[in-house]
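From a predicted model like this one, the values you see are computed outputs, not experimental measurements.
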Amino acid sequence: MAAPSIAPAYDQITPRVMWQVVIVSALAQFMIFGIRLSYQLFQSQFVNVEGWSSQESAGIYSLSMLVFGILATPSGILLDRFGPRIVFSVGATLLAVGLFLSSYASTAAELRITYGLIGGAGLSVIGLGPIAGNIATFVPPRLRGRAIGVAFAGTGVGTLVFIPFYTWIMAAFGWRNTFLFQAVLSLALIVPLLAFGLKNPTHIEKTTATGSNPTGGAGALLRIPLFWVLIVVSLTALGPLRALTVHQLAYLEEIGFQRTTAAGYVGLAGLMTFGAYLMWGWFSDRFGRAMAFTLGAIALGGAVLLLFVLRQ
């Protein structure tokens with residue numbers, strides 16, 4: 001007899017609950033990505049004010065992303081077992097602790113522990129992957145692309161709003177107080193938003209592998225070639241993309257832009273991300289995930305070619 005698997009019964013979900021999960025996720029990502037992508041502001045301060053090397057400063061962020069990647073799968077397992085309210089609020093609390101301790105750090109080595117390890121662990125729990133997985137639990141496939149697009153659009157608005165805002169705070173109060181402000185924001189707003197704004201899934205039903213969810217579990221997933229193709233694409237696309245993200249503000253300053261102007265351009269990129277998430281979410285529902293993913297990969301490749309052209 002086939003082992004039972006878990007499948008959501010979407011007919012038990014009201015539209016109000018479904019969109020509550022989406023909107024809360026969008027608001028959380030609005031604040032989380034404002035914190036996450038603001039590291040480029042800190043890196044500039046570490047190099048220009050503290051006198052650390054670019055390698056030391058970028059290494060802090062790289063470590064946080066490495067921890068993020070390593071803990072992403074365990075975070076998903078915990079999410080399945082304990083639900084989003086507990087798991088996401090614990091992740092946001094970890095992020096707040098890491099940011100608070102970072103405000104007292106005096107060396108790059110200390111920041112590798114506070115921001116890289118502790119903060120990276122918190123980010124892994126409340127990253128886009130777990131957020132999307134939780135949304136998929138509440139939203140049926142026919143609406144899933146649009147729902148995730150709306151939630152992820154919060155990342156673009158967060159970049160648009162918070163990068164210039166943190167630029168001002170850092171100029172007025174210094175990078176340590178900026179970390180402290182982010183810690184308070186995480187603890188006072190993100191934690192309660194995730195703890196009380198989300199719903200734990202109560203609409204889970206068990207079906208057999210011959211029923212509506214014939215995936216066979218995680219072991220069967222690992223035997224699907226397409227799964228590994230997606231892993232390789234993610235490593236070769238998102239990895240370099242994050243490397244570019246953390247250096248973009250420093251690059252704009254190096255070629256002559258003022259800090260506030262450069263921050264405004266970074267924020268503008270966030271506005272474009274907002275529109276892109278909404279558009280690709282609708283597109284994937286209408287024309288399929290494979291088509292949307294393929295066209296997105298082509299667009300990313302075109303952006304890389306454009307960077308080479310602009311260097312000339």
J.: Any side-chain heavy atom of F162 within less than 4.5 Å of one from F33?
T.: no
J.: Determine whether a donor-acceptor pair (N or O, by modelled atom type, separation under 3.5 Å) exists between the side chain of Q43 and the backbone of Y39.
T.: no
J.: If we only count heavy atoms from C-beta on, is the I35 to Y166 side-chain gap below 4.5 Å?
T.: yes
J.: Measuring from atom CG of L193 to atom CD1 of I23, what distance do you get when rounded to the nearest 0.5 angstrom?
T.: 11.0 Å
J.: If you measure from OG on S54 to CG on N48, what distance do you get to the nearest 0.5 Å?
T.: 8.5 Å
J.: Over 60° means perpendicular and under 30° means parallel, so classify the ring planes of F42 and W175, tilted if in between.
T.: perpendicular
J.: Between the main-chain N or O of Q40 and the side-chain N or O of S44, is there a donor-acceptor pair closer than 3.5 Å?
T.: no
J.: Any sub-3.5 Å donor-acceptor pair from Q20's side-chain atoms to G197's backbone N or O?
T.: yes
J.: As an exercise, state the distance from CG of L123 to CE of M65, rounded to the nearest 0.5 Å.
T.: 5.5 Å
J.: Is the backbone N or O of A105 less than 3.5 Å from a side-chain atom of R176, with the two atoms forming a donor-acceptor pair by type?
T.: yes
J.: Please state whether the rings of F283 and W280 are parallel, tilted or perpendicular, taking 30° and 60° as the class boundaries.
T.: perpendicular
J.: Once you round to the nearest 0.5 Å, how far does CD1 of I86 lie from CG of N200?
T.: 6.5 Å
J.: Which pair of heavy atoms, one from F46 and one from L111, lies closest together, and at what distance?
T.: CZ-CD1, 3.4 Å
J.: Using a 3.5 Å distance criterion without hydrogens, assess whether the side chain of Q29 forms a donor-acceptor pair with backbone atoms of I126.
T.: yes
J.: Just verifying a value: how many Å separate L194 CG and I32 CD1, rounded to the nearest 0.5 Å?
T.: 6.0 Å
J.: Taking the side chain as every heavy atom from C-beta outward, state whether I135 and I131 have any atom pair closer than 4.5 Å.
T.: yes
J.: Quick check: does any side chain N or O of R112 sit under 3.5 Å from a backbone N or O of I60, one acting as donor and the other as acceptor?
T.: no
